[in-house]
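Any value given below was found using the heavy atoms of this structure, including those in side chains, with hydrogens, waters and symmetry copies removed.
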Amino acid sequence: MTHEVLIIGGGLLGCAAAWHLARAGLAPRLIEARGINAGASGQNAGSLHFQIERRFLEPGASGQGADIVRLNRLAIEEWAGLEEQLSRPLDIHMHGGLMLAESEADLALLASKVARENELGLPTQLLSGAEARDLVPRLAPHVCGAAWLAREGHANPRILADAFAHAARASGAVIETDSRLLDLHRDGHGWQATIEQAGQISTARARHVILATGHWTARIAARMGLNIPLYLAPLMMSVTDRTAPFLPYLIQHVGKRLSMKQTDDGNMVIGGGWASAPQRMADGMPDLDAPPHLVPDNLRANLAVAASVLPCLRGRSLIRSWTGMTCISADQLPVVGQVPAAPGLYIAAGGSMFTLGPLLARMLARSIIERAMPEEIALFSAARFAHLNAFVVPS
């Protein structure tokens, strides 16, 4: 049997793409080696961060920054409509986000950032320290200002991919878990996949294949002789014991790695991009199936940054820290779309895959349906790395 689209990977992006393709009548088949949402989609901290990052304010990045803001504005609308579209609660909270400054230099950077965002149509506001403490009275006295965006927030990463998978099945998608990809190669004008499921080996053919396999993407592509510049990013997050609700907003920092939010149950979730360490196999290569090791020094540093801006955390108990593995590209932007050297093969991996995931999944599905890359995500096109495969003949 030949499928129109075969999706490899049952995380947020794969399941959301399956839903959009199924709604368009393409009846995709999705295979997942473990369970739905078993990877980075379910292990991240769930931040919905739409303010632009510091690096996009550097000289020469103005055009890129404009594209990022336009995409973030679309992502805001995407998240705002998800619960209605999927007809179920998803623990999406978009009550606002604060990016904090602890020094005059931080504050000056925030001021230039806010001015640039306003020029590009993102309605951030620059707040004084007093105004920030009006919103969050427990902020430290030395916090001297913040950038505020009213529609930032957070969502529950443990339930979103499952919601998309359920909707995709209801729309005609076939979703199979415990189905491991053993081989993928060109087969005439399409692709042939070898799949292991419950000890049985089978093949599947497809006109289009989506690799939504997170940190596995570069290794799978390498088996076909393709060079995709994606690199491991093992991270860690933590959660405290419960306390009475006091923080309805997302908290980040302009100059330090930090994200914080409070769950509906009162727990504080703390992260912000601090590294963990991958486990190693016998040959010294990172074990992509094993959870990374926690790095105690990084954990202490992460918690210190959090407590410096929110001193009340010093009275809380840390009940769990966990690690997860994602990947980033050579230029730290997501890589989305068809690989020029391998017609019919699409990838979607890299940074911001939770915040931008629902939007990118819709755009990726659209690129298959319409046979053209949507202009909105051209910045992320896999074609920007086409030179790495100039001498490759995909196997």
Query - Sidechain-backbone polar pair: E196 side chain, L182 backbone, donor-acceptor under 3.5 Å - result: no
Report summary line: So CD1 of I201 and CD1 of I195: to nearest 0.5 Å the spacing works out to 9.5 Å
Report summary line: residues 349-362 vs side chain to side chain donor-acceptor pair (under 3.5 Å), sequence neighbours excluded, gives E78-R362
Query raised in the report: Sub-3.5 Å donor-acceptor pair from the side chain of S171 to the main-chain atoms of A167, do we have one?
Result: yes
Query - Residues that E104 engages under salt bridge (Lys or Arg N to Asp or Glu O under 4.0 Å), provided they are two or more places apart - result: none
Query raised in the report: Do side-chain atoms of H49 reach the backbone of Q51 as a donor and acceptor pair under 3.5 angstrom?
Result: yes
Query raised in the report: Among all residues two or more places apart in sequence or in another chain, which pass the side chain to side chain contact (heavy atoms under 4.5 Å, CB included) test with T240?
Result: M268, I270, R316
Query raised in the report: Does P157 have any side chain to side chain contact (heavy atoms under 4.5 Å, CB included) partners at least two apart in sequence or in another chain, and if so, which?
Result: N44, F354
Report task. Taking the side chain as every heavy atom from C-beta outward, state whether N156 and L90 have any pair of such atoms under 4.5 Å apart. Result -> no
Query raised in the report: Can you find a pair of side-chain heavy atoms, one from L333 and one from I68, that are under 4.5 Å apart?
Result: yes
Query raised in the report: Run the side chain to side chain contact (heavy atoms under 4.5 Å, CB included) check on I175 and E32 step by step: do they pass?
Result: CA-CA 8 Å; I175 296 180; E32 160 57 41; over 6 Å; no
Report task. Please work out which of the three classes, parallel, tilted or perpendicular, describes the rings of H154 and H93, given edges at 30° and 60°. Result -> tilted
Query raised in the report: Which pairs pass salt bridge (charged side-chain N to carboxylate O under 4.0 Å, His left out) with one or both residues in residues 9-26, sequence neighbours excluded?
Result: none
Requested in this report: Return each pair, listed once, that meets salt bridge (charged side-chain N to carboxylate O under 4.0 Å, His left out) where at least one residue sits in residues 134-160; pairs must be two or more places apart or across chains.
Outcome: E77-R151
Query - Test item: R320 side-chain N/O and M237 main-chain N/O as donor-acceptor pair under 3.5 Å - result: no
Requested in this report: Locate the shortest heavy-atom distance separating P28 from L21; write the atom from each residue and the value.
Outcome: CG-CB, 3.9 Å
Query raised in the report: How about L127 and L135: do any of their side-chain heavy atoms sit closer than 4.5 Å?
Result: yes
Query raised in the report: How far apart are the C-alpha atoms of K261 and S47, what are their side-chain angles, what is the distance that settles it, and do they pass the side chain to side chain contact (heavy atoms under 4.5 Å, CB included) test?
Result: CA-CA 8 Å; K261 72 277 298 181; S47 298; 2.5 Å; yes
Query - From OG1 (T326) to OH (Y231), nearest 0.5 Å - result: 14.5 Å
Query raised in the report: Can you tell me if S276 uses its side chain to pair, donor with acceptor, with the backbone of L235 under 3.5 Å?
Result: yes
Report task. Step by step, work out the side chain to side chain contact (heavy atoms under 4.5 Å, CB included) result for L181 and T213. Result -> CA-CA 11 Å; L181 178 72; T213 47; over 6 Å; no
Query raised in the report: Is a side-chain N or O of W322 found less than 3.5 angstrom from the main chain of Q43, in a donor-acceptor match?
Result: yes
Report task. Might you point out which heavy atoms bring P89 and I159 nearest each other, and give the distance in Å? Result -> O-CD1, 4.1 Å
**Report entry** Donor-acceptor pair between Q338 and H208 side chains, under 3.5 angstrom
**Finding:** no
Query - Under 3.5 Å: donor-acceptor pair, side chain of E131, backbone of S128 - result: yes
Query raised in the report: Within the side chain of N37, is there an N or O that forms a donor-acceptor pair under 3.5 Å with the backbone of L12?
Result: no
**Report entry** Donor-acceptor pair, side chain of N227 and main chain of N389, under 3.5 angstrom
**Finding:** no
Report task. Give a yes or no on whether the backbone of L184 and the side-chain of W191 come within a donor-acceptor separation of less than 3.5 Å. Result -> no
Query raised in the report: Should Y346 and V5 be marked as a side chain to side chain contact (heavy atoms under 4.5 Å, CB included) after you check the CA-CA gap, both sets of side-chain angles, and the distance that decides it?
Result: CA-CA 10 Å; Y346 297 77; V5 184; over 6 Å; no
